[in-house]
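Read the structure below first, then the notes.
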Amino acid sequence: MNENNESKIRVRFAPSPTGGLHLGGVRTVLYNYLFAKKYNGSFILRIEDTDQSRFVAGAEEYIYNCLKWCGIEPDESPEKPGSYGPYRQSERKEMYRKYADQLIQNGQAYYAFDTTEDLEKMRSENKTDDNPSPQYDSRIRMKMQNSLVLTNEVVQQYLQEGKPYVVRIKMPENEIISFNDMIHHEVSFESNLVDDKVLLKADGMPTYHLAVVVDDYLMKISHAFRGEEWLSSAPVHILLWKYLFGLENMPQWAHLPLILGPNGKLSKRDGAKFGFPVYAMNWTDPRSEEFTEGFKEKGFLPEAFINLLAMLGWNGGTEQELFSMEELIAQFSIERVHKSGAKFDYEKAKWFNHEWIKKSSTEALYPLVKNLFETKNVDTKNEDYFKTVIGLVKERCTLISDFYEQSVYFFEAPQTLDVEAVKPKWNENKQSFFEILCTQLTELKAWDVIEIENCFKNLATEKTIKPGELQLPMRIMLVGGKFGPAVFEIAHLIGKEETLNRIQSALTKINN
RNA sequence: GCCGCGUUGGUCAAGAGGUUAAGACGCCUCCCUUUCACGGAGGAAUCACGGGUUCGAGUCCCGUACGUGGUACCA
C-alpha cells in the first residue's frame with residue numbers, strides 16, 4: 001500500500017441482502033476487516049439494497065448475525081451509524097440523482113427511453129453467432145431512443161410526460177482505461193468494448209455502478225476490496241470517478257480472487273451436492289423455504305472458519321497455518337493475496353476445525369457442547385464432570401457435533417454394542433474373567449484408575465489371559481464400540497455402579 | 001463469440017533467474033497405543049504446452065491450450 005498516511009484508512013463491505021452469506025463473501029469481509037484493523041482504520045458495513053425486486057426479509061439481520069459469529073464488528077453500519085450515514089443505499093436514494101444529472105450536463109451520460117421490449121428487440125436483431133450478446137454501446141446507441149438521438153424538444157417533452165427513462169453512461173471512444181489494482185497491478189480495458197451501463201434505473205434507484213462510486217466517495221473509502229467478478233465492470237467505475245470526483249480521490253482497488261467449488265465458482269448447490277456448508281450460518285429462503293446449511297451449525301468454530309478462509313487466497317510466507325484473528329491482523333498483507341482463485345477443500349477445512357478444537361480450552365468448548373447435548377436431550381450431570389469428559393475427548397472431535405458420539409456413553413449406557421467385535425474370540429475363560437471381575441470390582445475400596453487397572457490386570461494374570469485381549473471386550477461393554485479414551489479412565493469416570501451394570505448387561509448380550 | 005483475469009503435486013501453497021522445487025491437507029507404510037484419536041518416522045505425487053531471451057528459466061517475453069469471471073434497468 002501507499003505510505004500516504006495523511007488520510008485515514010476506511011474500507012467497506014457492501015453486500016446486497018438477498019440471501020445467505022457464502023464463503024467468498026465472508027472472506028471479502030475478512031480481508032477488509034484485517035486490512036482496516038492492521039492500519040488502525042475503520043471497517044464499514046454498507047447495505048446495497050438498490051434492487052427492490054430482490055428484497056429478502058431477514059437477509060440483513062442474517063448478515064449482522066454472521067459477522068457477529070465471526071467476531072467481526074463493523075465500526076460503522078446501519079445498526080451503528082457513524083457520520084457518513086445512512087448506511088443503506090435505499091435510504092440514500094436522493095443522493096445519487098444529482099450526480100447523474102451532473103454527468104448528463106457534462107455530456108458523459110444520457111437519458112435513454114428504451115423500453116424493455118425495445119432492448120429485447122435490439123438484442124435479438126443484432127444477435128449473430130459471432131456476437132451472441134449485443135451490447136448497448138457506441139455502435140448501436142445512435143439507433144435507440146435516447147437523448148443522444150432525440151431532439152432536445154422531444155426529450156424535454158418525454159421528461160415532462162413522465163415517460164420512464166434510465167440514465168446511461170456514455171462510454172468514450174478509442175480510449176484505454178487502465179488502473180492499478182493492488183492485487184492484479186496494471187489492468188486495462190478498451191473503452192470501445194465496454195457498453196453504456198445503466199447508472200440510474202427507471203425507478204430512480206441507482207445501479208451498483210453509480211452507487212458504489214458515489215458512496216465510496218461520500219463515505220471517504222480509501223481502499224475498496226471486492227470479488228474478482230467485479231473486475232470487468234471496473235472501467236465503468238474508473239470513468240465515473242474521473243468524471244465525478246477525480247481519479248486522485250479514488251480508492252485503491254483490490255479485486256480478490258474467487259473461491260471455487262469442485263467445478264467452477266462455488267455455489268450453494270455445490271454444498272448440497274458434495275455435503276459441505278457454503279454459508280456461514282444456516283439460511284432458509286423465506287420465499288422458497290429452501291434451506292442451506294451453515295458452517296456454524298455444521299459444527300465449526302468461528303476461529304477455525306476465519307482461519308481457513310484467511311488461508312484461501314493468502315499466505316503469510318511462513319510455515320504457520322494456524323492463526324488467531326489477532327495474529328492475522330498483525331501479519332496480513334494485501335501484497336501476499338494471490339491472483340488466482342482457490343478451490344475450496346472441505347477436508348482441509350475440517351482439519352482446521354480439528355486443530356482449533358484441540359487448541360480451544362475446555363472452558364470455551366463447554367457452552368457449545370452443552371448446547372449440543374441439550375438438543376439431544378441428554379442429561380449431562382454436573383458441570384465439572386462434563387468438563388472432564390470434554391477434555392478427554394476433544395482431540396478426537398473434528399466438528400463440534402462429533403462430541404455427541406464421542407462422549408454420550410459417559411452419560412448414558414450405550415444403546416447398541418458392537419458384539420461382533422468380541423464374539424469371535426469369546427470363550428468360557430473370558431466369560432469367567434468378567435464374572436469374577438465384577439465381584440472383585442464390587443469389593444474394591446477406592447474407585448480410582450490405578451486400583452481398577454491393577455484389579456483388572458491381576459485377575460488377567462491369574463486367568464492367564466493377556467490383558468490386551470480383555471481390554472477390547474471391556475471397552476465394547478462400556479463404550480459400545482472401538483473408540484474413546486483409555487478404558488480404565490472411562491470406568492473410573494462413569495462410576496462403579498454404572499461400570500458393573502454395563503459389564504453385566506453386556507455379558508448377557510454377548511451370550512445371546 | 002467478444003473482453004478481463006488466471007495457470008507450481010488431487011487440494012491449499014512457498015518460490016520474486018542458479019534450490020535435491022519448502023510446508024500443510026488428503027492418500028499409503030511403519031512406530032506409539034493390544035480401541036479410536038493424538039503424536040512420531042517414512043512414501044507416492046507437481047512447475048499446462050510450444051517457442052523465444054539468457055551461460056542458466058517454475059521464475060522474464062510471445063503464442064497456444066485450459067480454467068474462470070463479465071457480457072442485465074442483479075449485485
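Per chain, numbering begins at 1; letters A, B, ... match sequence-line order.
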What is the distance, rounded to the nearest whole Å, between atom [atom1] of [X] and atom [atom2] of [N]?
X: A:Ile259; N: B:rU11; atom1: CD1; atom2: C1'; value: 14 Å
X: A:Asp345; N: B:rU11; atom1: CG; atom2: C1'; value: 5 Å
X: A:Arg139; N: B:rC3; atom1: CZ; atom2: C1'; value: 13 Å
X: A:Leu308; N: B:rC25; atom1: CG; atom2: P; value: 15 Å
X: A:Met311; N: B:rU11; atom1: CE; atom2: P; value: 18 Å
X: A:Tyr404; N: B:rC36; atom1: OH; atom2: P; value: 23 Å
X: A:Leu256; N: B:rC5; atom1: CG; atom2: P; value: 17 Å
X: A:Leu322; N: B:rC25; atom1: CG; atom2: P; value: 10 Å

Quote, to the nearest angstrom, the [atom1] distance that separates [N] from [M].
N: B:rU19; M: B:rC25; atom1: P; result: 28 Å
N: B:rC31; M: B:rA21; atom1: C1'; result: 29 Å
N: B:rA72; M: B:rG9; atom1: P; result: 34 Å
N: B:rU8; M: B:rG58; atom1: P; result: 15 Å
N: B:rU29; M: B:rU20; atom1: P; result: 32 Å
N: B:rC62; M: B:rU53; atom1: C1'; result: 11 Å
N: B:rA24; M: B:rA14; atom1: C1'; result: 11 Å
N: B:rC36; M: B:rU46; atom1: P; result: 32 Å

Would you classify [X] as touching base, sugar-phosphate or nothing, given that sugar-phosphate means primed atoms plus P, OP1 and OP2, and contacts are heavy atoms under 4.0 Å?
X: A:Pro485; answer: base
X: A:Arg336; answer: sugar-phosphate
X: A:Gly227; answer: nothing
X: A:His338; answer: sugar-phosphate
X: A:Lys350; answer: nothing
X: A:Ser188; answer: sugar-phosphate
X: A:His354; answer: sugar-phosphate
X: A:Val187; answer: sugar-phosphate

Pair [X] and [Y], ring centroids less than 6.0 Å apart:
X: A:Phe323; Y: A:Trp314; result: yes
X: A:Phe225; Y: A:Tyr31; result: no
X: A:Phe488; Y: A:Phe456; result: yes
X: A:Phe344; Y: A:Phe276; result: yes
X: A:Tyr208; Y: A:His237; result: yes

Minimum-distance nucleotide to [X] side chain [options: [options]]:
X: A:Asn131; options: B:rG1, B:rU35, B:rC38; value: B:rG1
X: A:Lys482; options: B:rG26, B:rU11, B:rU35; value: B:rU35
X: A:Leu193; options: B:rC2, B:rG26, B:rU34; value: B:rC2
X: A:Phe483; options: B:rU35, B:rU11, B:rC25; value: B:rU35
X: A:Phe189; options: B:rC3, B:rA14, B:rU34; value: B:rC3

[N] - base-pair partner by Watson-Crick or wobble geometry, distances under 3.5 Å:
N: B:rU59; result: none
N: B:rG69; result: B:rC3
N: B:rA13; result: none
N: B:rC47; result: none
N: B:rG39; result: B:rC31

Exercise. Can you give one letter per nucleotide of nucleotides 58-75 of chain B, 5' to 3': B if a protein heavy atom sits under 4.0 Å from the base, S if only from the sugar-phosphate, - if neither?
Worked result: ----------SBSB-BBB

For this session: Could you give me the CA-CA distance, side-chain angles and deciding distance for A:Gln89 and A:Asp215, then say whether side chain to side chain donor-acceptor pair (under 3.5 Å) is met?
Result: CA-CA 8 Å; A:Gln89 286 182 334; A:Asp215 287 343; 2.8 Å; yes

For this session: Give a yes or no on this: more than 12 heavy atoms of other residues, nucleotides or ligands lie within 6.0 Å of atom CD1 of A:Ile176.
Result: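 Atom CD1 in A:Ile176 is crowded, with more than 12 foreign heavy atoms closer than 6.0 Å.
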
For this session: Would you check, one step at a time, whether the test side chain to side chain donor-acceptor pair (under 3.5 Å) holds for A:Thr461 with A:Asn458?
Result: CA-CA 5 Å; A:Thr461 315; A:Asn458 290 341; 5.1 Å; no

Exercise. Is the NZ or CZ atom of A:Lys348 both under 6.0 Å from the centre of the six-membered ring of A:Trp351 and within 45° of that ring's axis?
Worked result: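 Positive - A:Lys348 is close enough to the ring of A:Trp351 and near enough to its axis.
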
Exercise. With a cut-off of under 6.0 Å to the ring centre and 45° to the axis, is A:Lys170 in cation-pi contact with A:Tyr110?
Worked result: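 Cation-pi check for A:Lys170 and A:Tyr110: fails.
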
Exercise. Nearest nucleotide by nearest heavy atom, which residue falls closer to the 5' end of RNA chain B, A:His184 or A:Glu469?
Worked result: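 Nearer the 5' end of the strand: A:His184.
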
Problem set entry | Nearest-nucleotide 5' precedence on RNA chain B, A:Trp351 against A:Asp130 |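 Going by which nucleotide is closer to the 5' end, it is A:Asp130.
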
